[in-house]
Number of protein chains: 2
Amino acid sequence: MNGDPVPGRRVPDATVARLPLYLRALAGMAEAGQQSTSSEELASAIEVNPSQVRKDLSGLGITGRRGVGYQVSDLLGQIRSELGLTQSWPVVIAGVGNLGQALANYGGFGERGFEVVALVDADPARIGEEVAGHHVRDIRELDQSARDLVVVIGMICTPGPVAQEVADRMVACGIRSILNFAPALVSVPTGVRVRQVDLSVELQILAFYEQQQDAGDWSPAPAKR
Amino acid sequence: MNGDPVPGRRVPDATVARLPLYLRALAGMAEAGQQSTSSEELASAIEVNPSQVRKDLSGLGITGRRGVGYQVSDLLGQIRSELGLTQSWPVVIAGVGNLGQALANYGGFGERGFEVVALVDADPARIGEEVAGHHVRDIRELDQSARDLVVVIGMICTPGPVAQEVADRMVACGIRSILNFAPALVSVPTGVRVRQVDLSVELQILAFYEQQQDAGDWSPAPAKR
DNA sequence: CAGTGTGAACCTTTTCACAGCA
DNA sequence: TGCTGTGAAAAGGTTCACACTG
């Protein structure tokens, strides 16, 4: 199945971004008891071209059977292993406002091997509160918590202005991957990865296309993501 | 009318995706009382190449002064108008679980011209509740609400399995842009736009790169500044 | 001069087309 | 026969280099 003898080399970023989508589609098929699938079925499930699917998979060294397709269970295992989801990843959330609480309670993480193990905040009123089965701790204990729990992934759910400070603190205690929901860019030393998720950015992009439609009538609606 | 290589205005998707980032950077500058800026400053604020900035702007027909730079206030106005943020967009949220509530309370939308005007849910226990200053209404009244309030943007914050059903309902009442937070792809007729935001996808991508580092030899990955 | 505007080179990603194999 | 695997072409996006101008 895997334990990959490391087939090709570097996986294109665009492929990496699609792996979670394949995973979701495959999980659905497996749950429905489906045994095998095709590049065409996968492609339509995630809305890309079938050759794209074949390129992605073959680039990972994953191979199907010609004339037949891919084995759902194999594929599931291989992609899961490629994404590093065979282990469980402890995660810390900084900032337990509305968004932080929502994420702490969000079931989708656990299902995929991410376990929220600590919540921290700077607001004294919040410290000690119980959220999603955890005590909220003082952010100044982050160092302690992160090391104790071997956390390497942190999520920032604070207001924008303090995001950088929180990120620095995370980096200082050995966190190497940060998912930043605060509406501010944070900068980190090389070797640390940041992904930015700004909810209002997505809305603004929708507004752009909405307004395009109103303004000048383009004949064919692209309909692309 | 003709679907040909139109000389005028076709903004590349990649540019559109950067506009909200420019906007945020510019808003910060304006707030700090800064009068003018350069492609270099903007570039470093959003972490792209300066020529990228000049390409983006000139592609929008926005022009600076050679040897000088761009006027912050002008630029702000032009990008805001390009994004359609001179008007206010009424938005409806379907699903008031943790995430829906967080979004309903999220300040970042209002600042940018998105106003949450209605919350709907299918759970009888939730209907009538007060969330973020709104009564939660029965999702079956969505049609009524959406038309009354001229909503064209909807956010889906329901569990995955009902997302498609909710999307269909939204489309049926005239909503043309959907931001889908549910972990499921929804399909819609052409002319309706969907953007998918899956919180666990982002985490999975981080996990991939995290694992890469652990696994392999240390051929210094670019790690782009 | 400092910093924009832009053609051309370059790189990444997607799509096409078809050979190859169960 | 049906569907994978993959070179080759096309499209899309980014970076370079430099002419140009206030």
Side-chain angles (χ1 to χ4, degrees), chain A residues 7-19 21-22 26 29 34-72 74-75 78-79 205 209 220 222-225, chain B residues 3-19 21-22 25-26 29 34-72 74-75 78-79 205 208-209 221-225:
Chain A
R9 275 293 140 188
R10 152 151 193 85
V11 183
D13 290 349
T15 298
V16 175
R18 279 187 294 268
L19 293 182
L21 308 182
Y22 292 132
L26 288 163
M29 293 176 193
Q34 191 177 330
Q35 302 280 322
S36 75
T37 184
S38 64
S39 61
E40 175 148 1
E41 189 183 29
L42 272 170
S44 91
I46 77 165
E47 296 181 347
V48 297
N49 187 298
S51 347
Q52 187 70 83
V53 175
R54 299 200 293 276
K55 267 270 154 75
D56 284 341
L57 297 181
S58 97
L60 292 168
I62 295 175
T63 164
R65 283 205 294 271
R66 296 187 197 229
V68 180
Y70 302 86
Q71 204 66 20
V72 170
D74 291 2
L75 207 40
Q78 282 164 306
I79 291 182
I205 294 173
Y209 290 110
K224 278 210 62 174
R225 58 185 322 257
Chain B
D4 286 8
V6 189
R9 316 202 116 215
R10 171 80 252 265
V11 184
D13 290 349
T15 298
V16 175
R18 278 187 294 268
L19 293 182
L21 307 182
Y22 292 131
L26 287 163
M29 294 176 192
Q34 191 177 330
Q35 301 281 321
S36 75
T37 184
S38 65
S39 61
E40 174 146 2
E41 190 183 29
L42 272 170
S44 91
I46 78 166
E47 296 183 344
V48 299
N49 189 296
S51 347
Q52 186 72 82
V53 175
R54 299 200 293 275
K55 267 271 154 74
D56 284 342
L57 296 181
S58 99
L60 291 169
I62 295 176
T63 164
R65 283 206 291 272
R66 297 188 196 227
V68 180
Y70 303 86
Q71 205 65 22
V72 170
D74 291 2
L75 207 41
Q78 282 165 301
I79 292 183
I205 293 172
F208 173 87
Y209 290 110
K224 46 172 36 177
R225 60 156 271 102

Which whole-number value in Å describes the distance from [X] [atom1] to [N] [atom2]?
X: E41(A); N: dT4(D); atom1: CD; atom2: P; value: 10 Å
X: E47(B); N: dT14(D); atom1: CD; atom2: P; value: 15 Å
X: R10(B); N: dG12(D); atom1: CZ; atom2: P; value: 9 Å
X: I62(B); N: dG3(C); atom1: CD1; atom2: P; value: 20 Å
X: D56(B); N: dT4(C); atom1: CG; atom2: C1'; value: 14 Å
X: Y70(A); N: dA22(C); atom1: OH; atom2: C1'; value: 14 Å
X: L60(B); N: dG5(C); atom1: CG; atom2: P; value: 12 Å
X: Q52(B); N: dA17(D); atom1: CD; atom2: C1'; value: 16 Å

Could you list the residues that satisfy side chain to side chain contact (heavy atoms under 4.5 Å, CB included) with S51(A), not counting sequence neighbours?
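For S51(A), the residues satisfying side chain to side chain contact (heavy atoms under 4.5 Å, CB included) (neighbours in sequence not counted) are N49(A), R54(A).
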By side chain to side chain contact (heavy atoms under 4.5 Å, CB included), which residues pair with A43(B), not counting sequence neighbours?
V48(B), P50(B), V53(B)
Any side-chain heavy atom of D13(B) within less than 4.5 Å of one from Y209(A)?
yes
State, yes or no, whether a side-chain contact exists between Q78(A) and L60(A) at a heavy-atom distance under 4.5 Å.
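Q78(A) does not reach L60(A) side chain to side chain.
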Is [X] touching bases, backbone alone, or none of the nucleic acid, heavy atoms closer than 4.0 Å?
X: G69(A); result: sugar-phosphate
X: P50(B); result: nothing
X: T63(B); result: sugar-phosphate

Please tell me which of the listed nucleotides, dT4(D), dT13(C), dG13(D), lies nearest to the side chain of A14(A)?
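Looking only at heavy atoms from C-beta outward on A14(A), the closest nucleotide is dT13(C).
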Between N49(A) and R65(A), the residue closer to the 5' end of DNA chain C by nearest nucleotide is N49(A)
Any chance you could measure I46(B), atom CD1, to R18(B), atom CZ, to the nearest 0.5 Å?
6.5 Å
Check: protein-nucleotides 6-9 of chain C nitrogen or oxygen pairs below 3.5 Å:
residue, atom, partner, partner atom, Å
dG7(C), O6, K55(B), NZ, 3.1
dA8(C), N6, K55(B), NZ, 3.1

Check whether any side-chain N or O of S39(A) sits under 4.0 Å from OP1 or OP2 of dT4(D), and answer yes or no.
yes
Does CD belonging to E40(B) count more than 12 external heavy atoms closer than 6.0 Å?
no
Can you name the nearest heavy-atom pair linking L26(A) to V72(A), along with the distance?
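The answer is O-CG1, 4.0 Å.
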